[in-house]
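Excluded from the calculations below are hydrogen atoms, water molecules and symmetry mates; all remaining heavy atoms, backbone and side chain alike, are included. Letters A, B, ... are given to chains in the order of the sequence lines, protein chains preceding strands, and every chain is numbered from 1. Not measured: the values here are computed from a predicted model.
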Number of protein chains: 2
Amino acid sequence: MQPALRDPNPPLTRSVEDYLKAIYHLSSQGGFAATSDIAAMLDVAPPSVSGMVKRLSETGLIEHVPYRGVQLTSQGRRAALRMIRRHRVLELYLTQHLGYDWGNVHAEAERLEHAVSDDLIERMANALGQPQYDPHGDPIPTAAGDIEEAELVALGEAPIGTKLELRQVGTQDPARLHYFAEQGLTPGVLLTVSERQPFNGPTTIALVPSGDPRVVGRELAQLLWCRALGT
Amino acid sequence: MQPALRDPNPPLTRSVEDYLKAIYHLSSQGGFAATSDIAAMLDVAPPSVSGMVKRLSETGLIEHVPYRGVQLTSQGRRAALRMIRRHRVLELYLTQHLGYDWGNVHAEAERLEHAVSDDLIERMANALGQPQYDPHGDPIPTAAGDIEEAELVALGEAPIGTKLELRQVGTQDPARLHYFAEQGLTPGVLLTVSERQPFNGPTTIALVPSGDPRVVGRELAQLLWCRALGT
DNA sequence: CGTAGGTGTTAGTCTATACTAATTCGAGGA
DNA sequence: TCCTCGAATTAGTATAGACTAACACCTACG
């Protein structure tokens, strides 16, 4: 009997998948994800990140420029988008079919995304009618790995008077999500900015077509991402 | 800052949960589960079992008698039944709500049972109407940890002429499960034994009320567990 | 009643992932 | 231009869980 050979293409472990997702999110804007930011996002110590970064670049999932940061390779990006599809399909399924509210799905999906099969995800996606967005309005990558890149503007920066569609709610914090839901601020809602206080004050908006007003503080207004629909 | 204390009551890891389930199944008949049987069931080497057995008895989940085997403590039994509830609720949910067939649910449930929350399992159980049996007819433990102990007889041993209800199908092998399903032999079906060949030959049965006959080979007849319903 | 063969356990090693402590790098202010 | 300080990396260690090889225990058979 030969000594057992190592599987040359092992399934990704839980941790690896988490690192790839974190790097995807951190490098989606600027080019490189910093070690310390990855550490903060995953709640591990920076040396743990250095160690994992070494392993991931050896397997070709990321590109590492020492003291600068890391970027996903196309293979790493594909793996990250697969996890993001799983996460978002799970979140939507749990809210639509099992009565979860959008403030509580995140933790559950976070654990399940590592355990489900691709088959199960596709069955859930079919049961949901191949949805494009998760409960927070984030786009769901396709099974092929394509993701919509939307042109969105934060409510706190949006021009006054323009008609807007609320598209994404950029937080997973249950308390904030409950608050937004109470205020009727969920993806798909139409609104216009009627007034904005200077010096980082709150933004006042009106829902469309009802005209109901809402006042949204500066910090929260930065979490609500909108698509401009013209005047 | 104090040196970080170890969590005195850590969540069970994937492996620990698998060991407890295996020990539960192996010791449900006789008193002790043997090291080598546990190793075979989990597909690990015997010394791995010895190592885990030491850890599990230190944490009070099992009782170990060296060279004899192991038994669950009441705490270990509770943990095992919790996993079995998860597994069986998941299997039923996947078949009822996501179109899985009973031959393919096992592997999926095996992975998910370690990742789901108690909350999710209870939501699934509610969506299913607090079911008592999984797709194979195995009883689902309650959330409180009680499990039905049924008086069942294998079809190969059942008396001739008595009315029987097929209650459990004792295999997870997809090929056999497909075959049983084709033959209409699923939990809940009523039947009687019309004839049995001597010397370990096949059993001939008639479905009730249709009277359709089936011939079931010796080995398969040992997998079909029935409840006697009187004459 | 003693031993052979199998089952169980111990000893020692490996990998993945984490940690702390110590060290090195590099960019921005004096 | 040089130095300093925060960020990143290396060094060394720990833990869970697996493995192989070697040793110990039991029992059933001759």
Side-chain angles (χ1 to χ4, degrees), chain A residues 1-23 26-27 30-71 79 111 114, chain B residues 1-23 26-27 30-71 79 111 114:
Chain A
M1 184 86 177
Q2 298 275 336
L5 296 173
R6 295 269 308 293
D7 182 345
N9 197 172
L12 301 182
T13 63
R14 196 231 121 115
S15 264
V16 166
E17 292 169 345
D18 286 341
Y19 276 94
L20 292 177
K21 267 204 323 179
I23 293 166
L26 290 169
S27 60
F32 286 89
T35 300
S36 53
D37 291 343
I38 300 170
M41 184 169 281
L42 297 178
D43 196 27
V44 298
S48 308
V49 176
S50 286
M52 180 60 85
V53 157
K54 179 180 283 177
R55 289 191 288 276
L56 292 181
S57 23
E58 277 162 8
T59 58
L61 291 163
I62 64 175
E63 204 80 50
H64 181 211
V65 181
Y67 293 97
R68 281 283 294 289
V70 298
Q71 270 183 318
R111 274 176 286 105
H114 304 290
Chain B
M1 185 88 175
Q2 298 275 337
L5 295 174
R6 294 267 306 295
D7 182 346
N9 197 175
L12 301 183
T13 63
R14 197 230 119 110
S15 265
V16 166
E17 292 169 345
D18 287 340
Y19 276 95
L20 293 177
K21 268 204 323 179
I23 293 166
L26 289 170
S27 61
F32 286 89
T35 299
S36 53
D37 292 343
I38 300 170
M41 183 169 282
L42 298 178
D43 194 26
V44 297
S48 307
V49 176
S50 286
M52 180 60 84
V53 158
K54 179 180 283 179
R55 287 191 287 277
L56 291 181
S57 24
E58 277 162 7
T59 59
L61 291 162
I62 64 176
E63 205 80 51
H64 180 212
V65 181
Y67 294 97
R68 282 283 295 288
V70 298
Q71 269 184 318
R111 274 176 287 105
H114 305 290

Gap between atoms CG and P, on A:L56 and D:dT9 respectively (whole Å):
13 Å
Please name the pair of heavy atoms, one in B:H64 and one in B:G69, separated by the smallest distance, quoted to 0.1 Å.
CD2-O, 3.4 Å
Sugar-phosphate means primed atoms, P, OP1 and OP2; the rest is base. With that split, encode nucleotides 20-29 of chain D 5' to 3' as B, S or - using protein heavy atoms under 4.0 Å.
BB---S----
Give a yes/no on whether any side-chain N or O of B:T35 is located under 4.0 angstrom from OP1 or OP2 of C:dT9.
yes
Between the OG atom in A:S50 and the CZ atom in A:R55, the distance rounded to the nearest 0.5 Å is 10.5 Å
Contact between B:L56 and B:L20 at the side-chain level, heavy atoms closer than 4.5 Å - yes or no?
yes
Between atom CZ in B:F32 and atom P in C:dG8, what is the gap in whole Å?
13 Å
Please report the distance, rounded to the nearest Å, between NZ in A:K54 and C1' in C:dT15.
15 Å
Taking only the side-chain nitrogens and oxygens of A:Y19, find out if one of them lies under 4.0 Å from OP1 or OP2 of C:dA16.
no
Measure from the side-chain heavy atoms of B:T13 and tell me the nearest of C:dA18, D:dA18, D:dG17.
D:dG17
Can you measure B:R14 atom CZ to D:dT15 atom C1' for me and round it to whole angstrom units?
19 Å
Could you tell me whether the side chain of B:V53 reaches within less than 4.5 Å of the side chain of B:T35, counting heavy atoms only?
no
When rounded to whole Å, the CZ to C1' distance for the pair B:R55 and C:dT9 reads 14 Å
Closest approach of A:H114 to A:E17 (non-hydrogen atoms, all atoms of both residues)
ND1-OE1, 2.5 Å
Quick one: B:D37 CG to C:dG8 C1', roughly how many Å, whole number?
12 Å
N or O in side chain of A:S36 less than 4.0 angstrom from D:dG6 OP1/OP2
no
Once you round it to whole Å, what is the distance between P of D:dT9 and NE2 of A:H64?
4 Å
Picking from B:L12, B:V44, B:T13, what satisfies side chain to side chain contact (heavy atoms under 4.5 Å, CB included) with B:Y19?
B:V44
Nearest 0.5 Å, please: how far is CG in B:D43 from CD1 in B:I38?
14.0 Å
What's the closest nucleotide to the side chain of B:S50 if the choices are D:dT9, D:dA18, C:dT10?
C:dT10
Whole angstroms only, please: what is the CG-C1' distance between A:L26 and D:dA7?
15 Å
